[in-house]
Amino acid sequence: MTVEALPTPVRAGFPADFVWGAATAAYQIEGAAALDGRTASIWDTFSRTPGAVRNGDTGDIAADQYHRYREDVALMAELGLGAYRFSLSWPRVRPGGRGPANRAGLDFYDRLVDELLAHGIAPVATLYHWDLPQELEDRGGWTDRDTAHRFAEYAAIAAEALGDRIGTWTTLNEPWCSAFLGYGSGVHAPGRTDPVAALTAHHHLLLAHGLGTAALRSALPAGAEVSLTLNLAAVRPLSDAPADLDAARRIDGLANRIFLDPVFHGRYPADVLADTRELTDWSFVRDGDLAEISRPIDSLGINYYTPTVVGADDPAAPAPRQDGHAGALSPWPADRGVRFLPAEGSRTAMGWPVDADGLYELLTRLRDDLPGVPLLVTENGAAYEDYTDPSGAVHDPERVAYLHGHLAAVRRAVTDGAPVRGYFLWSLLDNFEWAYGYSKRFGIVHVDFASQRRTPKDSARWYARVIRAGDLPG
């Protein structure tokens, strides 16, 4: 055998073309909530509802990236990011959710994308990260199937304006949260508390994904990629007892298969339909919907923070629901008889147990269940109680340890054959953390919200070293 014919050695760890990025979302960082034609989203309304958001915080100013995007892109370049995952604000691009595009809103994203490209950073756009125009919610929101059609029109507008420079487009971010936290437990906008509305919204969100995928394909140049991001759960039964295994089956259905099956197989899981039959007959699913929802996509984004442990409910020992989601009402439709328990391990400032094995479990499950589908870790990170010391530095060793452990899990999954193409750390900046307001900090860059001063934390410098090396230290 000649030298030229020798097989290429397989490198243990991250591929040479692995994408290193960071992620944000429009309402959490942009600010400029009433400037240049932007109208209200459901989060503008929800954040002004007394008691809905901690301290009455809003995203009116947030991290003010609308005005400070050049500074933020320079920080990204300093850290060595290869890609930046951000979301477009639907009410900024198409105020009210209907009618003509807002040129001033699109101009902001023109400037942001051009600035990223000028620094060698690939823009990765998400069309929907929860900021539904309030006018569409007034018409029924995601419980009205017309909203899915309005989303497709918005997708076409964005693709026609920016598709010449953005190569990767995500339709929806975490539709589980949009449906089940927004319409089920009510802890997210729009704050409704109806399990039937949650299941209806879930289906219309998936329909929006399908219609949006078709709209993107029609408007984007050849070679552009379309994706979907899901916050799938690493569901673990408390024990091997049949009742605990059945509880895990039910929650796996509501967290994972209720999305994966329609998107990749064109059907809803029979057991999920049976489990929720007491609530709805699913008549909101119409002929042709599942064909739209299952249009092929180019990759799947995975958001992961902590595992989910469930068991059969114990009437003799009732316990509070510990599924990582606040609120008095459960976001899980038809979850009667299921109890949620915390995983073992240290906890973040969100109270979420730290367990990187859950990410490995998800990635290898998808390797087996969806062979050939490229994967991206589109969110992963942790909130901790960060402080600026007298010298102005922010030391966050807990976050560094969290990131190291989870990146090691990604590397192990890649070595074991999971087709993971990239990792987007959540988040680049401290931001408006939804119902927690500004009380929780996920960023690797500290933001003083009074002055808007940016300070890279130790975790940012650590991540920059990982990116330069293309691998973890040690």
Side-chain angles (χ1 to χ4, degrees), residues 10 12-15 17-21 23 83 85 124 126 168-177 179-180 202 205-206 209-210 213 225-237 248-269 271-272 290 293-310 324 343 355-381 405-426:
V10 176
F14 299 103
D17 59 353
F18 194 80
V19 176
W20 298 96
R85 177 178 176 256
V124 177
T126 298
T168 301
W169 292 78
T170 299
T171 53
L172 310 176
N173 179 80
E174 297 187 354
W176 187 93
C177 293
F180 297 119
H202 152 266
L205 280 154
L206 289 188
H209 159 72
T213 296
E225 296 192 353
V226 178
S227 184
L228 169 69
T229 285
L230 301 175
N231 57 315
L232 300 177
V235 181
R236 299 171 181 165
R249 175 199 60 77
R250 291 173 64 186
I251 298 306
D252 180 73
L254 291 168
N256 299 328
R257 292 179 288 111
I258 199 173
F259 296 99
L260 295 174
D261 280 19
V263 170
F264 291 99
H265 305 301
R267 62 176 184 264
Y268 277 116
D271 64 320
V272 173
L290 287 164
I293 290 168
S294 59
R295 288 179 180 273
I297 56 177
D298 300 296
S299 62
L300 177 65
I302 306 302
N303 293 355
Y304 173 83
Y305 294 93
T306 192
T308 300
V309 179
V310 297
D355 189 329
D357 286 342
L359 180 54
Y360 175 83
E361 293 166 15
L362 275 179
L363 295 175
T364 52
R365 169 185 176 169
L366 294 169
R367 172 202 64 194
D368 298 337
D369 290 355
L370 303 174
V373 176
L375 306 175
L376 295 165
V377 177
T378 38
E379 286 185 27
N380 177 239
H406 285 75
L407 277 169
V410 174
R411 183 175 63 182
R412 182 159 58 104
V414 169
T415 301
D416 290 346
V420 185
R421 292 167 43 176
Y423 176 91
F424 291 80
L425 184 153
W426 186 271

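These figures come from a predicted structure and were not determined experimentally.
When side chains are defined from C-beta on, R85 counts as touching E379, because their heavy atoms get closer than 4.5 Å. For the pair P175 and L230, the minimum side-chain heavy-atom distance is below 4.5 Å. F259 places none of its side-chain heavy atoms less than 4.5 Å from the side chain of I293. Using a 4.5 Å heavy-atom threshold, the side chains of Y360 and V410 count as separate. E174 is listed as a side-chain neighbour of N303, based on a closest heavy-atom distance under 4.5 Å. The closest side-chain heavy-atom distance from D298 to P374 is not below 4.5 Å. Put simply, the side chain of L366 does not reach to within 4.5 Å of the side chain of V373, judged on heavy atoms.
The distance from the CG atom of L363 to the CG atom of L359 is 4.5 Å, given to the nearest 0.5 Å. In this structure, the separation between CG on L172 and OG on S227 is 10.5 Å, given to the nearest 0.5 Å. The distance from atom OG of S294 to atom NE2 of H265, rounded to the nearest 0.5 Å, is 10.5 Å. The distance from the CG atom of L206 to the CG atom of L290 is 9.0 Å, given to the nearest 0.5 Å.
Aromatic ring pairs are classed by plane angle as parallel below 30°, tilted from 30° to 60° and perpendicular above 60°; the pair H406 and Y304 is tilted.
Nearest approach of L376 to G422, heavy atoms of both residues: CD2-N, 3.5 Å. Taking every heavy atom of both residues into account, A409 and A356 meet most closely at CB-O, 3.5 Å. Among all heavy-atom pairs drawn from L260 and L300, the shortest one is CD2-CD2, 4.0 Å. Contact detail for A255 and A233: the closest heavy-atom pair is CB-CB, 3.8 Å. Of all the heavy atoms in T308 and I251, the pair that sits closest is CG2-CG2, 4.4 Å. Here the closest non-hydrogen pair linking T213 and P296 is CG2-O, 4.0 Å.
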Candidate pair N256 and W176, rule side-chain contact (heavy atoms from CB on, under 4.5 Å), full reasoning: CA-CA 9 Å; N256 299 328; W176 187 93; over 6 Å; no
Salt bridge (charged side-chain N to carboxylate O under 4.0 Å, His left out), that's the test. Do R236 and D357 meet it? Break it down for me. CA-CA 11 Å; R236 299 171 181 165; D357 286 342; 5.4 Å; no
Could you check I297 against F264 for side-chain contact (heavy atoms from CB on, under 4.5 Å), going step by step and ending with a plain yes or no? CA-CA 9 Å; I297 56 177; F264 291 99; 3.9 Å; yes
Run the side-chain contact (heavy atoms from CB on, under 4.5 Å) test on R249 and D271 for me, step by step, so that the C-alpha distance in whole Å, both residues' side-chain angles and the decisive distance to 0.1 Å come before the verdict. CA-CA 9 Å; R249 175 199 60 77; D271 64 320; 2.8 Å; yes
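With sequence neighbours left out, the salt bridge (Lys or Arg N to Asp or Glu O under 4.0 Å) criterion links D252 to R257, R365. Residues satisfying the ring-ring contact (aromatic ring centres under 6.0 Å, His included) criterion with Y423, sequence neighbours excluded, are absent altogether.
Formation of a donor-acceptor pair under 3.5 Å by the T378 side chain with backbone atoms of I302 is found in this model. Within the 3.5 Å criterion, the main-chain N or O of T306 finds no donor-acceptor partner in the side chain of D355.
Residues W426 and F424 keep their aromatic ring centres 6.0 Å or farther apart. Between Y268 and H202, the ring center distance clears the sub-6.0 Å criterion.
Using a 4.0 Å cut-off between charged side-chain N and carboxylate O, D416 and R411 make no salt bridge.
Side chain to side chain, N173 and N231 fail the donor-acceptor criterion of an N or O pair below 3.5 Å.
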